[in-house]
S.K.: 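Below is a structure I'd like to ask you about.
Computed from heavy atoms alone, side chains included, the values below leave out hydrogens, waters and symmetry copies. From a predicted model like this one, the values you see are computed outputs, not experimental measurements.
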Amino acid sequence: MKRHWSMTVLTGCCLALLASSCTQPTPDTRAADEAVIRAADVAWSKVAEAKQMDEYFSYFLDDAVVLAPNEPILVGKETIRKSQGELFAMPGFAVTWELTKVEAARSGDLGYSVGTYELSMNDPKGTPMMDRGKYVAIWKKQADGSWKVAVDMFNSDLPVPQPPSK
């Protein structure tokens, strides 16, 4: 009985070793994933610049998060649509951004893009104002191979306005 048990364990170990040596490593798709994220980020910028709002929001996951300056965390595509839709509707609003870096995870399911943006709009008195800053977007690969934004964060490079002197 003891010999039978030992043979069973030895056979099991040999089969496990054989099976593990036959497994193919996951292919490295980082370069291809980065190219797709790069193209998506550039296309997203173009639809934002053209104010194609439905297309713009289609880049977000349903449970996406936006970390915008001077406002609470926005969670969910509909919340993001409401807040950013109001921003896009402001008089004189225009936005462009330029991608500077893309990286994808070896796992093939996440990546990020980094870049700079320029945004303009009119202040409450109708005077044009300009903002420049940087952004990072975290992209998540979908089952169909497309990439969607899970997290978008941006903030200004401009100095904080000083309070009026007394």
S.K.: Determine, using the 4.5 Å side-chain heavy-atom cutoff (strictly less than), whether Phe154 and Leu119 are members of one ILVMFWY cluster.
M.R.: yes

S.K.: If every non-hydrogen atom of Met130 is compared with every non-hydrogen atom of Leu158, which pair is closest and at what distance?
M.R.: O-CD1, 3.3 Å

S.K.: Which distance, rounded to the nearest 0.5 Å, do you find between the NZ of Lys77 and the CZ of Phe60?
M.R.: 9.0 Å

S.K.: Please say yes or no: joined through hydrophobic side-chain contacts below 4.5 Å, possibly via intermediate residues, are Val66 and Met121 part of one cluster?
M.R.: yes

S.K.: Got a second to check how far Tyr135's OH is from Met153's CE, nearest 0.5 Å?
M.R.: 13.0 Å

S.K.: Who pairs with Phe88 by ring-ring contact (aromatic ring centres under 6.0 Å, His included), at least two apart in sequence or on another chain?
M.R.: Tyr56, Phe93

S.K.: Do Val102 and Val136 belong together in a cluster built from hydrophobic side chains that touch within less than 4.5 Å?
M.R.: no

S.K.: Give a yes or no on whether Val95 and Phe57 share a hydrophobic cluster (residues Ile, Leu, Val, Met, Phe, Trp, Tyr; joining criterion: side-chain heavy atoms under 4.5 Å apart).
M.R.: yes

S.K.: Mind listing the closest non-hydrogen atom pair of Ile37 and Gly111 along with its distance?
M.R.: CD1-CA, 3.8 Å

S.K.: For Glu49 and Lys46, run salt bridge (Lys or Arg N to Asp or Glu O under 4.0 Å): C-alpha distance rounded to whole Å, both residues' side-chain angles, the deciding distance at 0.1 Å, then the answer.
M.R.: CA-CA 5 Å; Glu49 188 174 352; Lys46 289 184 186 322; over 6 Å; no

S.K.: Could you measure the distance from the CG atom of Asp33 to the CG atom of Asp28? Nearest 0.5 Å is fine.
M.R.: 8.5 Å

S.K.: With a cut-off of 6.0 Å (strictly less than), are more than 12 heavy atoms of other residues, nucleotides or ligands near CD1 of Ile73?
M.R.: no

S.K.: I'd like to know if Asp157 and Lys134 make a salt bridge, using a cut-off of under 4.0 Å between side-chain N and carboxylate O.
M.R.: yes

S.K.: At their closest point, which heavy atom of Asp144 faces which heavy atom of Ser146, and how far apart are they?
M.R.: OD1-OG, 2.6 Å

S.K.: Looking at Glu78 and Lys82, is any side-chain nitrogen of the basic one under 4.0 Å from a carboxylate oxygen of the acidic one?
M.R.: no

S.K.: Is Val149 linked to Tyr112 within one hydrophobic cluster, defined over Ile, Leu, Val, Met, Phe, Trp and Tyr using a side-chain heavy-atom separation of less than 4.5 Å?
M.R.: no

S.K.: Enter the distance from Leu61:CG to Asp152:CG here, rounded to the nearest 0.5 Å.
M.R.: 11.5 Å

S.K.: Any chance you could measure Arg106, atom CZ, to Asp109, atom CG, to the nearest 0.5 Å?
M.R.: 12.0 Å

S.K.: More than 12 heavy atoms of other residues, nucleotides or ligands under 6.0 Å from CD of Gln142: is that the case?
M.R.: yes

S.K.: Passes side chain to side chain contact (heavy atoms under 4.5 Å, CB included), Arg38 versus Leu99? Steps please.
M.R.: CA-CA 8 Å; Arg38 182 178 312 304; Leu99 180 64; 3.4 Å; yes

S.K.: Is the side chain of Lys148 donor-acceptor paired with the backbone N or O of Ser58 at a distance under 3.5 Å, no angle test?
M.R.: yes

S.K.: Keeping Ser83 on the side-chain end and Thr79 on the backbone end, is there a donor-acceptor pair under 3.5 Å?
M.R.: no

S.K.: What do you reckon, are the aromatic ring centroids of Trp44 and Trp139 less than 6.0 Å apart?
M.R.: yes

S.K.: I want to check something: taking the side chain as every heavy atom from C-beta on, are Leu67 and Val151 in contact at a cut-off of under 4.5 Å?
M.R.: yes

S.K.: Could you state the interatomic distance from CZ (Arg30) to OG (Ser107), rounded to the nearest 0.5 Å?
M.R.: 9.5 Å

S.K.: State whether the side chain of Thr100 and the backbone N or O of Val114 hold a donor-acceptor pair below 3.5 Å, judged by distance alone.
M.R.: yes

S.K.: What closest approach, in Å, do Glu34 and Ala104 show between heavy atoms, and which atom pair accounts for it?
M.R.: OE2-N, 3.1 Å

S.K.: Hey, mind stepping through Trp97 and Asp41 against side chain to side chain donor-acceptor pair (under 3.5 Å) and telling me if it holds?
M.R.: CA-CA 9 Å; Trp97 65 81; Asp41 194 280; 3.1 Å; yes

S.K.: Nearest heavy-atom pair of Trp147 and Gly108: which atoms, and what distance?
M.R.: CH2-O, 3.8 Å

